[in-house]
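For clarity, every value in this text was computed on a predicted model and none was experimentally measured.
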Amino acid sequence: MTIKIVNKSKNGLPEYATPLSAGMDLKADISDAVILQPMERCLIPTGLHVELPEGYELQLRPRSGLALRQGLGLVNSPGTIDADYRGEIGVILINYGAEPITISPGDRICQAVVTRYTRVEWEQVETLSDTTRGEGGFGHSGV
């Protein structure tokens with residue numbers, strides 16, 4: 001699939017790290033370092049604008065290594081970039097860790113995954129069909 005992208009950043013285009021990677025790393029398009037204190041959040045620009053085909057979204061997800069080692073996450077994970085959005089992609093980072101985190105220009109701050117979605121139409125009814133699980137929710141299986 002080919003997707004149109006405008007790159008107004010100082011960084012190269014997002015790339016897959018390995019042949020079977022699902023996500024591409026997005027980089028911070030900032031001129032000076034940003035220090036995130038514990039439980040602080042901020043919007044980091046990427047300088048990227050995309051034109052997704054109808055029926056697709058771009059999901060923004062935390063990078064697992066940064067999440068594990070530093071506690072860096074995304075407030076709205078996964079973030080969704082809709083197919084009709086043409087503005088700059090921004091990443092809402094949060095420091096869940098106990099120490100300040102420095103985001104430097106060009107740092108890889110999240111991963112982006114292009115995924116297909118289905119739109120639905122609701123059919124309002126009075127009851128739903130029965131299943132073995134029924135209304136069993138959190139912890140219902142005892143595991």
Tell me the closest heavy-atom pair linking [X] and [Y], and the distance in Å.
{"X": "His49", "Y": "Gly87", "value": "ND1-C, 3.2 Å"}
{"X": "Pro78", "Y": "Arg61", "value": "CB-CG, 4.1 Å"}
{"X": "Gly23", "Y": "Val113", "value": "CA-CG2, 3.7 Å"}
{"X": "Gly97", "Y": "Pro38", "value": "O-CB, 3.2 Å"}
{"X": "Ala22", "Y": "Tyr16", "value": "O-CE2, 3.6 Å"}
{"X": "Gly90", "Y": "Leu60", "value": "O-CD1, 3.7 Å"}

Near [X] [atom1], under 6.0 Å, is it more than 12 heavy atoms from other residues, nucleotides or ligands?
{"X": "Arg69", "atom1": "CZ", "answer": "no"}
{"X": "Ile5", "atom1": "CD1", "answer": "yes"}
{"X": "Lys8", "atom1": "NZ", "answer": "no"}

Within the side chain of [X], is there an N or O that forms a donor-acceptor pair under 3.5 Å with the backbone of [Y]?
{"X": "Asn11", "Y": "Ala28", "result": "yes"}
{"X": "Glu57", "Y": "Thr115", "result": "no"}
{"X": "Thr46", "Y": "Ile89", "result": "yes"}
{"X": "Arg133", "Y": "Asp130", "result": "no"}
{"X": "Gln111", "Y": "Pro62", "result": "yes"}

Exactly one of [options] should register a side chain to side chain contact (heavy atoms under 4.5 Å, CB included) with [X]. Which one does?
{"X": "Leu36", "options": "Thr102, Leu72, Ile94", "answer": "Leu72"}
{"X": "Ile109", "options": "Ile30, Leu93, Val34", "answer": "Leu93"}
{"X": "Leu58", "options": "Ile3, Ile81, Thr80", "answer": "Ile81"}

Return the [atom1] to [atom2] distance between [X] and [Y], rounded to the nearest 0.5 Å.
{"X": "Tyr96", "Y": "Glu40", "atom1": "OH", "atom2": "CD", "value": "13.5 Å"}
{"X": "Arg108", "Y": "Asp25", "atom1": "CZ", "atom2": "CG", "value": "4.5 Å"}
{"X": "Glu15", "Y": "Ser21", "atom1": "CD", "atom2": "OG", "value": "11.0 Å"}
{"X": "Asn76", "Y": "Arg41", "atom1": "CG", "atom2": "CZ", "value": "11.0 Å"}
{"X": "Gln37", "Y": "Ile101", "atom1": "CD", "atom2": "CD1", "value": "10.0 Å"}
{"X": "Asn95", "Y": "Ile35", "atom1": "CG", "atom2": "CD1", "value": "11.0 Å"}

Taking the side chain as every heavy atom from C-beta outward, state whether Lys27 and Ser9 have any atom pair closer than 4.5 Å.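 Sidechains of Ser9 and Lys27: no contact.
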Is there a path of hydrophobic side-chain contacts, each under 4.5 Å between heavy atoms, that joins [X] and [Y]?
{"X": "Met1", "Y": "Leu48", "answer": "yes"}
{"X": "Ile92", "Y": "Val50", "answer": "no"}
{"X": "Ile103", "Y": "Leu68", "answer": "no"}
{"X": "Val6", "Y": "Leu13", "answer": "no"}

